[in-house]
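Notes for the one structure printed next.
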Amino acid sequence: MFVFKAGVVGAGVMGGEIAQVIAAAGIPVVLKDVDQKFVDAGLKKAREVTEGQAAKLVAKGKLSEEAASAQAEKTLQLITGTTSYDEFGDVDFVIEAVPEKMEIKHAVFAELDAATPGHAILASNTSGLSITEIGDATNRPDQVVGFHFFWPASYMRLIEVIEGEDTSPETAQAAANFAQAIKKMPVRCHECPGFVVNRILVSTASEIWRYQDETGIDVEQLDQFITEKAQMPMGPFRVADMSGLDTVVKVARDMREAYGDRFYVHRGMEEMVDRGELGAKSGKGFYEHS
Ligand SMILES: NC(=O)c1ccc[n+]([C@@H]2O[C@H](COP(=O)([O-])OP(=O)(O)OC[C@H]3O[C@@H](n4cnc5c(N)ncnc54)[C@H](O)[C@@H]3O)[C@@H](O)[C@H]2O)c1
């Protein structure tokens, strides 16, 4: 199946950049959120990423300033922001990127089932929820698939393509093909809580979170130590801030529920979420963000 037009639902930390990735591959995409201010934030993120990529091409001498700027504008013109489903009548592939809560996913998938053409594939960017359960909200569970990007979506190459119990092999293959069409590397897997990457990542982070809670060691110092010693670009507390602490806590809780106490939920992080400190998206988390 060729994707002539795509849709993204949810223009938060992930959605704006996912739309950018699709547009940068030359595919028109409609980006929906519930409020125009969230749509605008997603479009702004897409512009920042696109202009950053253009500036890099100029700096490397790959494109002239004029050519890079024209290419960036061409990409951005392919993204349409909206608060309604009016533009979803001719999409071929939709990626849902709304908060990690089954009731919200269910509402959105039921809406998408009604708004999109019968052939469209409905994909979820969920970090670990059941694809089978998400698909239950539709009349096309065979066309529902997990399509899991990693933060930051414009930079990270991997996409997990997750098959639920009802996902057809054709849907999984079409999703893997679409991942390649948008210049990403698909990895196919069957569903289980956290899939492959988050099962490994959250298990590692669990031990670091547990250590910080037990010792009270300064978070910045610990992040710095890990980035220096493990040669990682960012420490786990900064990554959590950038990903959104509400999302990280929800995923960690789901993993603990599924796999038991070998997974850990950082107590300080839970308290911050209760106070509305969600990391970069709210301006404050473990770090201050402008
Ligand atoms: N943040 C990460 O690092 C990360 C990485 C990979 C996957 N994910 C997954 O991606 C999904 C989105 O995460 P996020 O971090 O972008 O969340 P987010 O909270 O930053 O953004 C979610 C957006 O969805 C919008 N929304 C809520 N209900 C909606 C509806 N009914 N219709 C349209 N829009 C709606 C919100 O207004 C918000 O802008 C989650 O399932 C999360 O687990 C997140």
Side-chain angles (χ1 to χ4, degrees), residues 7-21 30-46 81-88 94-116 122-131 133-134 137 145-162 184 187 191 193-199 201-202 205 234 236-255 269 273 276-283 285 289:
V8 175
V9 183
V13 171
M14 298 302 289
E17 278 197 46
I18 292 174
Q20 193 277 338
V21 168
V30 52
L31 174 64
K32 180 191 181 292
D33 207 301
V34 286
D35 195 298
Q36 191 59 41
K37 70 173 184 230
F38 300 128
V39 175
D40 290 343
L43 293 174
K44 184 168 173 246
K45 185 72 205 171
T82 180
T83 55
S84 81
Y85 283 110
D86 290 352
E87 299 267 353
F88 281 69
V94 181
I95 300 160
E96 161 278 310
V98 300
E100 187 76 346
K101 291 192 179 130
M102 189 53 86
E103 62 274 21
I104 305 182
K105 306 274 191 206
H106 266 176
V108 168
F109 272 76
E111 289 163 6
L112 284 171
D113 199 27
T116 61
L122 307 181
S124 175
N125 187 45
T126 177
S127 300
L129 296 176
S130 161
I131 302 303
E133 217 181 316
I134 292 174
V145 67
F147 201 72
H148 185 209
F149 286 81
F150 295 86
W151 179 86
S154 60
Y155 184 77
M156 301 293 275
R157 285 201 64 210
L158 198 68
I159 292 180
E160 283 175 321
V161 173
I162 306 120
K184 298 289 182 186
V187 171
E191 72 179 356
F195 314 132
V196 178
V197 174
N198 274 344
R199 202 164 157 183
L201 203 66
V202 179
M234 259 185 221
F237 293 94
R238 191 174 284 282
V239 169
D241 258 18
M242 300 311 294
S243 300
L245 298 185
D246 51 340
T247 305
V248 175
V249 163
K250 175 67 170 61
V251 172
R253 282 179 178 156
D254 287 351
M255 301 291 278
M269 208 187 295
V273 171
E277 294 168 10
L278 308 181
K281 66 179 161 188
S282 74
H289 304 268

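Since the model is a prediction, treat every value here as computed from it, not as a measurement. Remember, it's 1-based here, ligands and their atoms both numbered in the order they're listed.
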Could you see which bit of Val98 sits under 4.0 Å from ligand 1, with heavy atoms only: side chain, backbone, both or neither?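 Both parts.
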Can you tell me which portion of Lys105 lies within the under-4.0 Å heavy-atom range of ligand 1? Options are side chain, backbone, both, or neither.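 Side chain only.
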Report yes if [X] has an N/O atom closer than 3.5 Å to an N/O atom of ligand 1; otherwise report no.
X: His148; answer: no
X: Val108; answer: no
X: Ser243; answer: yes

Judged by atom type as modelled, is there a donor-acceptor pair below 3.5 Å linking the side chain of [X] to the main-chain atoms of [Y]?
X: His148; Y: Gly128; result: no
X: Glu160; Y: Phe195; result: no
X: Lys281; Y: Leu245; result: no
X: Glu100; Y: Ser127; result: yes

Kindly write out the residues that satisfy salt bridge (Lys or Arg N to Asp or Glu O under 4.0 Å) with Glu87, not counting sequence neighbours, or none if the list is empty.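 Listed in chain order: Lys5.
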Glu96 side chain to Ser124 side chain, donor-acceptor N/O pair below 3.5 angstrom: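 Note: Glu96 and Ser124 side chains meet the donor-acceptor criterion.
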State whether Lys250 and Asp254 are salt-bridged, where the test is any N-O pair (Lys NZ or Arg NE/NH1/NH2 against Asp/Glu carboxylate O) under 4.0 Å.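 Salt bridge between Lys250 and Asp254, a charged N being under 4.0 Å from a carboxylate O: yes.
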Whether [X] lies under 4.0 Å from ligand 1, heavy atom:
X: Gly244; value: no
X: Lys250; value: no
X: Phe150; value: no

Residue selection (non-hydrogen contact nearest atom 27 (C) of ligand 1) among Pro99, Ala153, Ala280, Gly279: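 The option holding the nearest heavy atom is Pro99.
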Heavy atoms only: which of Val197, Asp33, Leu278, Ile18 is nearest to atom 34 (N) of ligand 1?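 Among Val197, Asp33, Leu278, Ile18, the closest heavy atom to atom 34 (N) of ligand 1 belongs to Asp33.
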At a 4.0 Å threshold, what atoms of ligand 1 neighbour a non-hydrogen atom of [X]?
X: Phe149; answer: 6 (C), 7 (C)
X: Gly12; answer: 16 (O), 20 (O), 21 (O), 23 (C), 39 (O)
X: Trp151; answer: 3 (O)
X: Val9; answer: 32 (N), 33 (C)

Please identify each residue that fulfils ring pair (Phe, Tyr, Trp, His ring centres under 6.0 Å) with Phe149, with sequence neighbours left out.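 Scan of Phe149 (ring pair (Phe, Tyr, Trp, His ring centres under 6.0 Å), adjacent residues dropped) gives Phe147.
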Among protein heavy atoms, which sits nearest to atom 19 (O) of ligand 1, and what does the distance come to when rounded to 0.1 Å?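 Residue, atom and distance for the closest contact: Lys281 NZ, 3.0 Å.
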